[in-house]
Amino acid sequence: MAKYSRLEVAAVMKETGMVPLFYHADIELGKKVLEACYKGGARLMEFTARGDFAFEVFSELNKYALRELPGMIMGVGSITDAAAASMFMQMGANFIVTPSLREDIALVCNRRKVLWSPGCGSLTEINRAEELGCEIIKLFPGSTYGPGFVKAIKGPQPWTSIMPTGGVSTDEGNLKGWFDAGVTCVGMGSQLIGKEVLANKDFDGLTKTVKDTLALIKSIKSVES
């Protein structure tokens, strides 16, 4: 069962401004990545469940986070049906992220008051997701739409909270473009936790990257406010 309610998760997403995305079949490597991100100040992690037996890996990582990393909120991404969402929620997933808008997933998540963030690519999809109780919309793929799309949506709908995934990097200009457009937070995968980091097991470097990126986001947001 989730430890954090959807409103608590949404508040941390808004406060920190970044959700790291990560998947690897190696549980011990996953623990090191989790710890490095946590040391860097991240308090959210989206485990992108794309591999065989991913549920077993997530279960162990979530147990580790609960035991060793107080305040670390674990969620699951790449979920495509309600059955998978239910299974991961039974393992303690605190939020569910989907590549597309799925109403069956909305129902099972809402029943448990678990935050779900569906991938949307049109104003119609965004409106339907919000009618279904979505707190934070996932703009996916972000690289296809860009900050201009977010700014256009926020004009008539300033209440809409958006998290782009894909097309987001640690570069200052990139982050400034997204946050200036009005995003609530960003999802960042390979641009943050790259293949070289994993191959070289450069966990200290990852900690520094996470810390620097969170500080940059905080600086950008403070200027805006």
Side-chain angles (χ1 to χ4, degrees), residues 1-38 42-120 129 132-140 161 163 165-166 184-189 192-193 210:
M1 189 167 69
K3 183 177 180 181
Y4 301 91
S5 73
R6 62 184 181 188
L7 294 179
E8 289 173 321
V9 175
V12 176
M13 286 182 173
K14 183 177 181 179
E15 180 184 352
T16 63
M18 182 177 74
V19 180
L21 283 65
F22 171 75
Y23 172 77
H24 200 284
D26 187 325
I27 293 172
E28 294 307 313
L29 178 64
K31 289 178 181 178
K32 294 292 187 183
V33 169
L34 260 180
E35 182 183 29
C37 290
Y38 184 81
R43 290 298 178 265
L44 298 147
M45 173 66 75
E46 178 189 326
F47 178 78
T48 51
R50 295 174 180 170
D52 293 337
F53 306 105
F55 64 96
E56 295 180 354
V57 180
F58 175 78
S59 179
E60 291 304 312
L61 292 182
N62 195 35
K63 289 175 185 176
Y64 173 74
L66 288 169
R67 186 175 63 248
E68 304 291 341
L69 308 174
M72 190 62 163
I73 302 173
M74 293 290 292
V76 182
S78 300
I79 299 299
T80 56
D81 58 71
S86 295
M87 180 176 64
F88 278 103
M89 283 190 287
Q90 288 179 20
M91 295 176 187
N94 295 284
F95 60 95
I96 300 292
V97 182
T98 70
S100 61
L101 175 58
R102 294 278 309 210
E103 297 196 11
D104 59 335
I105 294 177
L107 294 179
V108 298
C109 289
N110 286 341
R111 187 177 297 131
R112 295 170 174 82
K113 291 183 168 53
V114 170
L115 183 141
W116 60 285
S117 184
C120 295
L132 291 167
C134 178
E135 300 289 342
I136 297 179
I137 299 292
K138 172 183 176 180
L139 180 63
F140 180 77
S161 295
M163 172 180 66
T165 300
T184 296
C185 61
V186 294
M188 205 180 306
L192 183 71
I193 309 170
V210 170

Approximate separation, where rounding is to 0.5 Å, of [X] [atom1] and [Y] [atom2]:
X      : Y      : atom1 : atom2 : value
Ser86  : Leu107 : OG    : CG    : 10.5 Å
Ile105 : Cys134 : CD1   : SG    : 12.0 Å
Cys185 : Leu44  : SG    : CG    : 8.0 Å
Ile73  : Glu46  : CD1   : CD    : 13.5 Å
Ser117 : Arg6   : OG    : CZ    : 13.0 Å
Met74  : Tyr4   : CE    : OH    : 11.5 Å

Grab the two heavy atoms, one from [X] and one from [Y], that are nearest each other, plus how far apart they are.
X      : Y      : answer
Val210 : Cys37  : CG1-O, 3.7 Å
Asn62  : Ala93  : ND2-N, 4.4 Å
Ser100 : Pro118 : O-CB, 3.9 Å
Met45  : Pro20  : SD-O, 3.5 Å
Leu132 : Glu103 : CD1-CG, 3.5 Å
Thr184 : Ser161 : OG1-CB, 3.2 Å

>> So for atom CZ, which belongs to Arg50, do other residues, nucleotides or ligands contribute more than 12 heavy atoms lying within a distance under 6.0 Å?
In response: no
> Under the 3.5 angstrom rule, does the side chain of Tyr38 hit a backbone N or O of Pro70 as a donor-acceptor pair?
Replying inline: yes
> Do Asn94 side-chain atoms and Val9 backbone N/O form a donor-acceptor pair below 3.5 Å?
Replying inline: no
> How are the rings of Phe22 and His24 set relative to one another: parallel (under 30°), tilted (30 to 60°) or perpendicular (over 60°)?
Replying inline: parallel
>> Is the ring pair Phe88/Phe58 parallel, tilted or perpendicular, if the boundaries are 30 and 60 degrees?
In response: perpendicular
When you compare the side chain of [Y] with that of [X], does any pair of heavy atoms fall below 4.5 Å?
X      : Y      : value
Tyr64  : Glu35  : yes
Asn110 : Trp116 : yes
Leu61  : Lys31  : yes
Arg102 : Thr80  : no
Met87  : Met91  : yes
Val19  : Phe95  : yes
Ser5   : Leu7   : yes
Cys109 : Met89  : yes

>> Lys138 and side chain to side chain contact (heavy atoms under 4.5 Å, CB included): which single residue from Leu101, Thr165, Thr98 fits?
In response: Thr165
>> Would Leu34 and Glu68 count as a side-chain contact (heavy atoms from CB on, under 4.5 Å) here? Give the steps.
In response: CA-CA 10 Å; Leu34 260 180; Glu68 304 291 341; over 6 Å; no
